[in-house]
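Remember, predicted model here, so these are calculated numbers, not experimental data. Chain letters run A, B, ... following the sequence lines, proteins first, then strands; residues in each count from 1.
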2 protein chains.
Amino acid sequence: MNDIDTIDRKILSALQQDADQSLEELGAKVGLSRNACWRRVRILQDSGIIRKRVALLDPQKLGLGLSVFIQVRTSNHDPDWLKKFARAVKLMPEILGAYRMTGDLDYLIHARVNDVQDYDALYQRLIEKVDLSDVSASFVMEELKETTELSL
Amino acid sequence: MNDIDTIDRKILSALQQDADQSLEELGAKVGLSRNACWRRVRILQDSGIIRKRVALLDPQKLGLGLSVFIQVRTSNHDPDWLKKFARAVKLMPEILGAYRMTGDLDYLIHARVNDVQDYDALYQRLIEKVDLSDVSASFVMEELKETTELSL
DNA sequence: TAGATTAGTGGGAAAATTTCCCACAATCAA
DNA sequence: TTGATTGTGGGAAATTTTCCCACTAATCTA
């Protein structure tokens with residue numbers, strides 16, 4: 001319920017970068033004792049501001065070196081179609097993000113695959129599950145930035 | 001160096017969902033003893049397949065409810081421009097991703113801000129740092145899927 | 001201003017967890 | 001059959017978490 005202050009922001013920032021620190025370390029970093037720090041972290045977790053802690057893997061090393069954004073336009077706009085589309089998207093693990101957008105494109109999908117062949121396979125699987133009138137892909141040539149850290 | 005087997009994949013999958021489990025728990029989940037599991041996790045970390053562990057925060061609760069994709073075209077293609085653009089993008093914490101793309105758009109930026117006003121502020125800051133000939137934004141109306149979990 | 005409330009501090013400590021080591025068993029390839 | 005790999009379980013020191021408590025400093029409220 002309560003608002004976040006500067007120290008909380010420091011804690012969150014540190015944990016966004018590395019969730020493996022001990023409370024001792026984290027406390028030192030934000031200028032708080034182990035105990036005071038622990039209490040704040042617990043509150044941040046209970047409030048849901050810290051959603052969870054996860055491991056981030058290296059896409060290259062797992063053969064997912066190709067990042068692709070897929071722009072989707074559809075003529076079909078009934079709610080049933082959307083439900084089916086959402087389900088399909090959730091079941092395909094190569095798809096990391098899927099968004100309904102403003103503007104001229106209807107949906108934007110972010111996926112990670114190994115290569116163009118795999119992209120094509122993904123594309124085929126997708127259009128066989130839901131009908132899409134207009135699909136176009138742009139591949140990522142260079143990743144200038146990619147982070148999970150939110151601005152605080 | 002070595003290849004990843006089914007058990008490794010199970011470990012990675014579990015840690016992508018929740019990095020807070022004890023080795024005991026994790027071992028039970030993947031059908032391994034605490035010790036065997038610990039050894040594998042250490043190897044996965046040392047090999048860099050597990051890049052790091054981080055806390056994921058709730059964007060809504062932090063006043064970052066608006067997700068936006070910014071399509072950028074530029075007439076300027078000299079390497080100096082790119083360097084400046086990359087630096088600008090890295091310094092702006094609202095920008096979560098920035099990619100050089102194939103296709104008709106040159107760059108794609110993913111950002112999170114509070115509202116349209118804040119988007120505009122971000123836009124102003126961006127174009128004052130680097131000159132962009134053609135910028136257009138699409139806002140996310142609905143998040144069908146958003147995950148950091150890579151397909152294994 | 002006095003009193004109450006809200007943090008923070010440091011000490012303490014049980015419990016849990018991590019991070020190894022070891023001996024031994026099972027499997028597989030040379 | 002031997003050696004290499006990888007598992008198991010036991011053990012245990014070291015570290016960390018997760019509280020409690022008493023006390024203090026700062027702040028806000030009546």
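With hydrogens and angles ignored, the 3.5 Å screen pairs a side-chain donor or acceptor of B:Lys145 with a backbone N or O of A:Met92.
Residue-to-nucleotide proximity on DNA chain D shows that, of B:Ile7 and A:Ser22, the 5′-proximal contact is made by B:Ile7.
Remark: A:Lys84 does not engage A:Asp78 in a salt bridge, criterion side-chain N to carboxylate O under 4.0 Å. One finds no salt bridge joining B:Arg73 and B:Asp106 here, because no Lys/Arg side-chain nitrogen approaches an Asp/Glu carboxylate oxygen to under 4.0 Å. We find that A:Lys29 and A:Glu24 are not joined by a salt bridge, their nearest charged nitrogen and carboxylate oxygen being 4.0 Å or further apart.
A heavy-atom distance below 4.0 Å to DNA chain D is reached by these residues of residues 24-40 of chain B, ordered by number: B:Leu32, B:Ser33, B:Arg34, B:Asn35, B:Ala36, B:Arg39, B:Arg40.
The distance from atom CG of B:Leu23 to atom P of D:dT15 is 17 Å, rounded to the nearest whole Å. Taking atom CD1 of residue B:Ile43 and atom P of nucleotide C:dC20, one finds them 13 Å apart after rounding to whole Å. Whole-Å rounding puts the A:Gln21 CD to D:dT15 P distance at 18 Å. We find that CG of A:Asp20 is positioned 17 Å from P of D:dT15, with the value rounded to whole Å.
Within the cation-pi definition used here (under 6.0 Å to the ring centroid, within 45° of the axis), A:Arg40 does not qualify as a partner of A:Trp38.
Between the side chains of B:Glu146 and A:Tyr99, at least one donor N or O lies within less than 3.5 Å of an accepting N or O.
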